[in-house]
Amino acid sequence: MGRRTWWLGVVWLVVLGLVLAACATPTPQVIKETVVVTKEVEKVVTKEIPTLTVIGPWAGAEMDQFTPVLAAAEEKLGIKVRYRIYRAEDLSQVLPPQFAAQQAPGDVIFMWEWWVRENAEHAVDLSDIWASEAEQFMLQPTPVDGKIYNVPYVLWVKPGFWYKKSFFEKNGLEPPTTWDEFIALLDKISAIPGVKKAIITGDGVGWPVGDIVEHFLITFGGPELQEDLIAGKVKFTDPQVRQIFAERLVPLLGTYFSDPVEWTQAIDLWWNEEYGLYFMGNWLTGMVEDPDDLGVFTLPGARGVVGGTDWAFVPKYSENVDAAKALIAFMISKEGMEIRVKQGGKLASRKDVSPNAYPPADRALAEALAQIENPAVPDLDDAVGGDWQRYFWDQMKLLWVKPDQLDTVLENLDARFPTQ
Amino acid sequence: MARMMQRRRIWHHPRVRDGLAFIMFTGPALVLIVLFIILPAVQTIVLSFTDDTGAFVGLRYFREVLANPDTWNIRRFPPGIPPWGSLVHNAVWILVHLPLSVALGLILAVVLDKAWGATVLKSIIFLGMVTPMIIGGVIIRFLFDENAGIITAILRGIGLEALGRTWTAYPETALVALILGSVWLWVGFSMILYSAGLATIPREYYEAAAVDGAGPLQQFWHITIPALRPVTLVIVAMTILWELKIFDIVYTATLGGPGGATMVLALQMYFYAFRALQFNHAAAVATLLSLFTFIVGLWFTRTMRT
């Protein structure tokens, strides 16, 4: 056999290997553990320990806060868990082809609620584990044909404007209790030497800007307005909505709000006191040097704040459906949730978690939220979902730098709002 | 015995042997190309002409895509500011990025041809090419950022305060920022190809031209540029293809915003498929993109042949 023929054979083998590998169904990974049952008998049995893959969006500090829950679950349930980071945006690309091939990249996946609802045929019915817990939760999943396909995990809230207590003390500033006081506060902050603008606007793909807008809508229109907007009962061009934009928000843009700045970079700039206030969710407590120096206030008069959660589901193509359901049941249990909130950066979505479970900064926030009528108003763009979510963020970013285009922006939002 | 001999003769016939060799050698590549490129491409084209039930719907999805202002918003074209639609943005990208990348690459290659430390400088310039485009998008975003950006700092330093703000936040400047940033990322490609091309031009041409009294500019114009024509064709074709499929830079730097001011076809396809879950519309955009790249590819192969 000539050398050329030999190499050709190798190339063919590689190609065949690639094709077969692409077609093959992966076998579930199982770890075998030898267990001594009794000392007397010294009988050795082999027990199969399923290895579950949990996919979530948390990286860095947020991941470090989540992994203790998985470690506790491993110990309690006798399973192995590996954690993989995927943002929902990335999962939206990965999951459809995987599901089409009747495969799943993970056993427990955190994903947008609307997306799971749209893809319920690929998810496991979690009604049985949810039924016993439902009453304890502040947020309820939306059933699909009477079944529950995803369940809420820990709570994040977007409570309002964060400030450094030390900065406020140094400059003789006080959290406002009325709209006029709020404007006066912004004027005072703007006049402080070294301060570029009173409020720094976070930016990412646009969601931080959308969060600010929602806070204004809830404060001046009530949680009901937000819910009506989500349901499509009220349009963005509605006089009430337009008025909130035109009279409350737009006059502050340019004057008090900065241009959108990448949101993690914005934390540093704000912490360095180049800006006085920062509107962000409660995960901020895990991202600053000294969480005890944090203070937060809502817009005066706010009866509710946006609160939401990360939703977990089990794809029906998981090789370990029962173990995955047990893991979810543990994560949403009182015990599992207390382990998570103890790490900081998130609040419990269960009502029966004691404030003592929180670290100090989060405890203060949890207690403050207890005074608010509705601490978990649904997030507008999350609830509507789909491409409109991205469009909403993008239009808000446009509004931030082009406030004169308000009417066009509102018309665009209505025009693209999903009809169903 | 006679039959065996005859069979052996057939296998050793030159045409049969050549045919077998052709199949054996091209086979592995063909299998992969058919499985992973041609089949998905055909499926995508089929998807763009059929609805969810598989029924043929003609050009319905193409009409809907082209009627979408995200694709075609020519009423806002200058003097109006973007968004002008993804199709127009891609065209603007080609019109601005292509000449800049080609010209800058050529200039850098010529200037650095025999300069001291050219290898180091070329390596630095080429870094843009080896940087993952996802990272490139993040870098572009920060380059033009009001607080962290070096470009905006320089502009403020020379008194251009209006340009010292975050470029990617404003619809007037976002597309320009991405295009200029992508020139930086891509110019290493044209520079390296031109450098290789320059090395192939015989020195005698320049010596003869110098004897005839031609200055450096005349030599550049009458020798260098014509001699580099094949290289230029490769660079132009590859650059247009890159510009047509531009995605990652826009995704990380602006996500097509603000207000759709930097939306491009590939990103629009992504949004159709993975945000709106409208796979047929996404397939229509993909088919349009394939058509454009096919035209460029056809032009390139024909020009190269002539």
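Letters go in sequence order (proteins before strands), and every chain restarts at 1.
Here A:Q265 is the residue among A:E89, A:Q265, A:E118, A:Q395 with the most heavy-atom pairs under 4.5 Å with chain B. In terms of non-hydrogen atom pairs under 4.5 Å with chain A, the most contact-rich of B:T166, B:D70, B:T168 is B:D70. For the options A:W112, A:W400, A:Y391, heavy-atom pairs under 4.5 Å to chain B are most numerous at A:W112. Ranked by heavy-atom pairs under 4.5 Å with chain A, the list B:F279, B:F142, B:Y270 is led by B:Y270. The greatest number of non-hydrogen atom pairs below 4.5 Å with chain A, out of B:A169, B:A174, B:G259, B:A276, is found for B:G259.
B:I81 touches chain A through its side chain: at least one heavy atom from C-beta onward sits under 4.5 Å away, while N, CA, C and O do not. Contacts of A:L269 with chain B are made by side-chain atoms alone, with heavy-atom separations under 4.5 Å and no backbone atom involved. For chain A, no part of B:Y272 is nearby; none of its heavy atoms comes within less than 4.5 Å. For chain A, no part of B:A273 is nearby; none of its heavy atoms comes within less than 4.5 Å. The contact between B:T254 and chain A is made entirely by backbone atoms, counting heavy-atom distances below 4.5 Å. A:D203 touches chain B through backbone and side chain together, each having a heavy atom under 4.5 Å away.
A donor-acceptor distance shorter than 3.5 angstrom exists from the side chain of A:W270 to the backbone of A:G276, with no hydrogens or angles considered.
Using a cutoff of 4.0 Å between basic side-chain nitrogens and carboxylate oxygens, B:R141 and A:E262 are not scored as salt-bridged. With salt bridges taken as basic N to acidic carboxylate O contacts below 4.0 Å, none links A:K235 and A:E411. The pair A:K397-A:D259 fails the salt-bridge criterion, with no side-chain N (NZ, NE, NH1 or NH2) lying under 4.0 Å from an Asp/Glu carboxylate O. A salt bridge links A:E274 and A:K196; the closest N-O separation between the charged side-chain nitrogens and carboxylate oxygens is under 4.0 Å.
B:G256 approaches A:D394 most closely through the heavy-atom pair O-OD2, 4.4 Å. For the residue pair A:D379 and A:I230, the shortest heavy atom distance occurs at O-CD1, 4.2 Å.
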Taking distance alone, no hydrogens or angles, what donor-acceptor pairs closer than 3.5 Å link side-chain atoms of residues 38-45 of chain B to residues at least two apart or in another chain?
{"residue": "B:T44", "atom": "OG1", "partner": "B:P40", "partner atom": "O", "Å": "2.7"}

